[in-house]
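By convention in this document, chain letters (A, B, ...) are assigned in the order of the sequence lines, proteins followed by strands, and residues within each chain are numbered from 1.
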Amino acid sequence: MPELPEVETIRRDLQGEVVGRKIKSVEVRNGRTVRRHPSAKLFRARLEGRTITSVGRAGKYLLLGLDNDEVLVVHLGMSGQLQRAKSAKEPKAPHTHAVLTFTQGGQLRFVDPRTFGELFVAEPPQDGSGRVAELAHLGFDPLEDVMSWDRFWALLAKRNVSLKALLMDQEFVAGIGNMYADEILFAAGLRYDRVSSSLSSQEVRRLQRAMVETLSEAIKRRGSSLADAQYRDLFGEVGEYQGQHQVYDREGKPCRRCRSIIVRVRSGGRSTFLCEHCQV
DNA sequence: ACGCCCGCCTGTAAGC
DNA sequence: TGCTTACAGGCGGGCG
């Protein structure tokens with residue numbers, strides 16, 4: 001399940017692969033993928049003939065800047081993948097829902113078995129924030145928007161939610177999902193159900209540090225690929241960070257720090273993994 | 001304000 | 001072995 005580290009890995013690879021390329025044609029093979037648009041035809045018309053000028057990211061969204069200042073937004077959802085094909089002749093993977101063909105040859109393909117992902121073209125950002133209107137709700141970026149710990153503390157103090165709910169709230173901080181929320185909370189030594197406003201200054205500092213370091217390290221290892229909804233990068237390769245996981249998907253295994261057994265609890269239909277000894 | 005549920009999806013794996 | 005069921009979860013919406 002692609003979260004910030006996986007999306008950032010793809011963003012960095014895309015930069016060298018698609019910037020400067022002109023979109024010759026667009027094929028939409030599953031209309032659900034472009035559901036924000038009235039029709040696939042209108043989606044295609046917004047892209048054909050455009051050149052990609054930049055590749056950005058906002059939370060879990062990829063932002064492909066176009067030469068008319070519009071933005072192709074790519075959201076991978078649960079199971080979305082972008083695949084770089086050197087030639088149109090390469091066989092298409094099952095669930096290939098959209099294909100961009102470049103004038104210089106080669107394709108960018110969107111593959112998404114569970115179809116939670118989507119593509120849409122957004123109007124140029126209007127308000128000077130640099131953010132397209134559809135993504136205006138997103139909170140700060142944990143890696144781009146560095147803030148002092150006391151400002152972070154002030155943000156936490158305003159809320160009375162569990163730490164896990166807060167970390168996963170895209171309107172608070174953008175890019176963290178179920179998996180990295182658990183890993184960050186382990187690294188911070190904090191339980192998922194601690195109320196955000198109850199943290200001491202030391203705990204706030206630990207949380208902020210854990211957030212930045214966990215996500216940075218995961219990017220260095222090119223993200224996490226698990227058995228379910230295998231994340232793959234632009235070239236079909238798996239990530240390596242799953243080998244570093246401390247708690248996520250490690251139910252029943254010994255904590256790498258204290259050897260206690262990692263437990264799984266369920267709430268709201270979601271799993272949380274934690275070490276009850278290391279996280280207080 | 002917040003917790004929790006549902007619906008949207010399909011591949012995988014566990015259970016009978 | 002073969003069928004059924006549960007599970008994975010990002011996100012938007014709704015309900016209490």
If you pin A/N160 and A/P113 to their nearest nucleotides in DNA chain B, which one's is more 5'?
A/N160
Is the ring centre of A/F116 under 5.5 Å from the base ring centre of B/dC8, and are the two planes under 30° apart, so that they stack?
yes
Return the angle between end axes of the helix from B/dC2-C/dG16 to B/dC16-C/dG2, with five pairs used per end and rounding to 10°.
60°
State which of B/dT10, B/dC2, C/dG10 makes the closest approach to the side chain of A/R270.
C/dG10
So A/R264, base contact, sugar-phosphate only, or nothing? Heavy-atom distance under 4.0 Å.
sugar-phosphate
Rounded to the nearest Å, what distance is computed from the NE2 atom of residue A/H75 to the C1' atom of nucleotide C/dG9?
11 Å
Measure the distance from CD on A/E6 to P on C/dG10 and round it to the nearest whole Å.
11 Å
Regarding A/M179, tell me which of base, sugar-phosphate or nothing describes its non-hydrogen contacts under 4.0 Å with the strands shown.
nothing
Could you go through A/F140 and A/F172, starting from their C-alpha distance and side-chain angles, then the distance that decides it, and tell me whether this counts as ring pair (Phe, Tyr, Trp, His ring centres under 6.0 Å)?
CA-CA 7 Å; A/F140 72 91; A/F172 177 74; 5.7 Å; yes
Is it true that atom CZ of A/R209 has more than 12 heavy atoms of other residues, nucleotides or ligands lying nearer than 6.0 Å?
no
Do A/S197 and A/N160 get their side chains close enough for a donor-acceptor pair, meaning under 3.5 Å?
yes
When you measure from the side chain of A/R32, which nucleotide among B/dC8, C/dA8, C/dG12 comes out closest?
B/dC8
Among the nucleotides C/dG9, B/dT10, B/dG3, which one has an atom lying closest to any side-chain atom of A/S162?
B/dG3
Across the strands shown, which category fits A/R266 at heavy-atom distances under 4.0 angstrom: base, sugar-phosphate, nothing?
sugar-phosphate
